[in-house]
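Working notes, beginning with the structure itself.
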Amino acid sequence: MKKNNIENQILVIFGSNGDLAKRKLLPAIFQLFLDNLLPERFAVVGAGSQEKDEVAYRADVREALSLFAARAVSENDARVGDFLEKIFYKKVNNQTEEDFGLLKEYIEELSSRLDITKNIVYYFSIPPFLYEVVAANLVKYGLNTENDGWKRIIVEKPFGYSYDTAIDLDNKLHNGFHEDQIYRIDHYLGKETVQNIMVTRFYNGFFEPIWNRKYIDRIEITASEKIGVGNRGGYYETSGAMRDMIQNHLLQVLAVVAMEPPAIFDSDSIRNETVKVLQAMRPIKANEVADYVVRGQYISGQVGDEVQKGYRQETGVAPNSKTETFVALKVFIDNWRWGEVPFYIRTGKQLPERVTEVVIHLKPAPHQLFKQLCLTELNNMIILRIHPDAGVAIDFGMKIPGAGYKVQNVNMAFHYSDLADKKISEAYERLLLDCMIGDSTLYARADAVKASWKFVDPILQAWKTNPDIPLYFYEAGTWGPTESNTLFGDKFIKWRQPFEKFKTE
Ligand code: BG6
């Protein structure tokens, strides 16, 4: 990462005592500090509802770092103290207007004491229902005005709960902040390997010419997770896999996989192209939902030596919950490049592996001269592995040595870890730094968020209103409901089992 035009600034984290701040944000800021990427004069202000002073908050931050940035701390113990000197705390109850007046005074005092210009990033690491409240309170006290330094807000997902609520939230945020000040974070876009999809496609002469309907048969996008919902049952009940993973992360990945090359590589040009993909997704009508989308929910199952509980037994989950913990769907992008090429997207919790990957299945050669050993592997594949063992692999057929012409699929893989001297940055490091620099390329623009809600909304509505659409149950530790294979409409085609080909050894 480059330290580009980074101005002195203050980062205010609302929800500074919460899980996200402790697990992701503070470790990311610490890493930026270790990499000397933070501006010379810089302060983090934790804004939380708990009454505590700077000393107590610094102790909390130290503890969070030792838990969630253990390696960085053990390798750089001597620098933790210097980092903590940049950490401050102000009690703010997000729903109490006057607290924002006090926050303003605090920021003014801090900025003059530390001689930091009032360039401020406000990070909304708070429950979504508070986004508009905090934004309005900031506006009320002029904490959004840019006469004394720029102001930016970072808004976490979910951005809205539906198409209408997303528009409503957007309007409310624009009531005081213009689009250039609003950074809608989607941490998938911060992943090095997602950005590498653009480089793979647009740098290499041998990928781009075949990246279209003429040569590609279908594309699979999988994000499987080994964990269940854990202690997030309450949140997950209002979200489900569709809102939690598909509406944002996976549709953004789809957009990057399917976009046209931008004329120039800047924020607007890139985002102009990704939004076109989302706008071109063929809507799934209410009466088509059962044919195009399969939803599932995990039930108790044996995973290794342990019996995992079912979703309905998780804390905060209703005993008769119909929330989906697995979704698989088939999508078409109605444009010139992709006409009639199906994109299959799947995500789920309590699956056997944690894998995120995009698999491009190429059409077979026009005429089969050689006998394949394995009929299910007729296609060549390009595998873009986002997690784990990040990299790119291609699968193709080779002659098995010996008599005759028998063909077997082989695999050539590039592993990011082979770029040994480069550490892959965490998504939050990259995204925080981008916002601090004022680069919104990897943040979701309002039109993209709206387009993806527009696609997802009718499916959610159909699930809600039509009890005939099945919710399939799958045992924890399996690859989700087998019904998800019916989306392919061909008994010989199934979801690729990740790890089949892309091995780490
Ligand atoms: C989050 C979701 O946005 O992304 C979680 O809320 C999910 O439910 C997580 O586990 C997955 O992110 P990653 O980076 O671990 O693939």
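Computed over heavy atoms, backbone and side chain alike; hydrogens, waters and symmetry mates excluded. Ligands are counted one by one from 1 in listed order, and the atoms in each one are counted from 1 as well.
Remark: ligand 1 atoms within the under-4.0 Å shell around heavy atoms of K349 are 5 (C), 7 (C), 8 (O), 10 (O). Applying the 4.0 Å criterion to heavy atoms of H187 picks out, from ligand 1, the atoms 1 (C), 3 (O), 4 (O), 12 (O), 13 (P), 14 (O). In summary, the atoms of ligand 1 found under 4.0 Å from a heavy atom of H249, numbered by their order in the structure, are 1 (C), 3 (O), 4 (O). Per-residue contacts place R232 under 4.0 angstrom from the following atoms of ligand 1 (heavy atoms of the residue considered): 2 (C), 5 (C), 6 (O), 8 (O). Close contacts of ligand 1 with K157, meaning ligand atoms under 4.0 Å from a residue heavy atom, involve 1 (C), 2 (C), 3 (O), 6 (O). Close approach of ligand 1 to Y188 is summarised as follows: ligand atoms under 4.0 Å from at least one heavy atom of the residue are 12 (O), 13 (P), 14 (O), 16 (O).
Both the sub-6.0 Å distance and the 45° axial angle are satisfied by K52 relative to the ring of Y89. Because its NZ or CZ atom is both nearer than 6.0 Å to the ring centre of Y161 and within 45° of the ring axis, R243 counts as a cation-pi partner of that residue.
The list of side-chain hydrogen bond (donor to acceptor under 3.5 Å, both in side chains) pairs with a residue in residues 446-459, not counting sequence neighbours, reads Q247-S452, R445-D447. Sequence neighbours left out, the pairs with a member in residues 288-302 that pass side-chain hydrogen bond (donor to acceptor under 3.5 Å, both in side chains) are Q297-R312, Y298-E314.
In terms of protein heavy atoms, atom 15 (O) of ligand 1 is closest to R354 NH2, 2.8 Å. Ranking protein heavy atoms by distance to atom 14 (O) of ligand 1, first place goes to K191 NZ, 2.6 Å. Looking at atom 8 (O) of ligand 1, its nearest protein heavy atom turns out to be D244 OD2, 2.6 Å.
Counting heavy atoms closer than 4.0 Å to ligand 1, residue H387 contributes nothing at all.
Judged by distance alone, the side chains of N485 and T482 never bring a donor and an acceptor atom under 3.5 Å apart. Side-chain contact annotation: Y235 with D244, donor-acceptor N/O pair under 3.5 Å present.
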Item to complete: Start with the C-alpha distance between Y474 and W479, add both sets of side-chain angles, then the distance that settles ring-ring contact (aromatic ring centres under 6.0 Å, His included), and finish with yes or no.
Response: CA-CA 8 Å; Y474 61 98; W479 281 104; over 10 Å; no
Practice prompt. Could you walk me through whether L251 and V456 pass the side-chain contact (heavy atoms from CB on, under 4.5 Å) test, one step at a time?
Written response: CA-CA 10 Å; L251 291 187; V456 157; 4.1 Å; yes
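Taking any N or O of E225, backbone or side chain, at least one lies under 3.5 Å from an N or O belonging to ligand 1.
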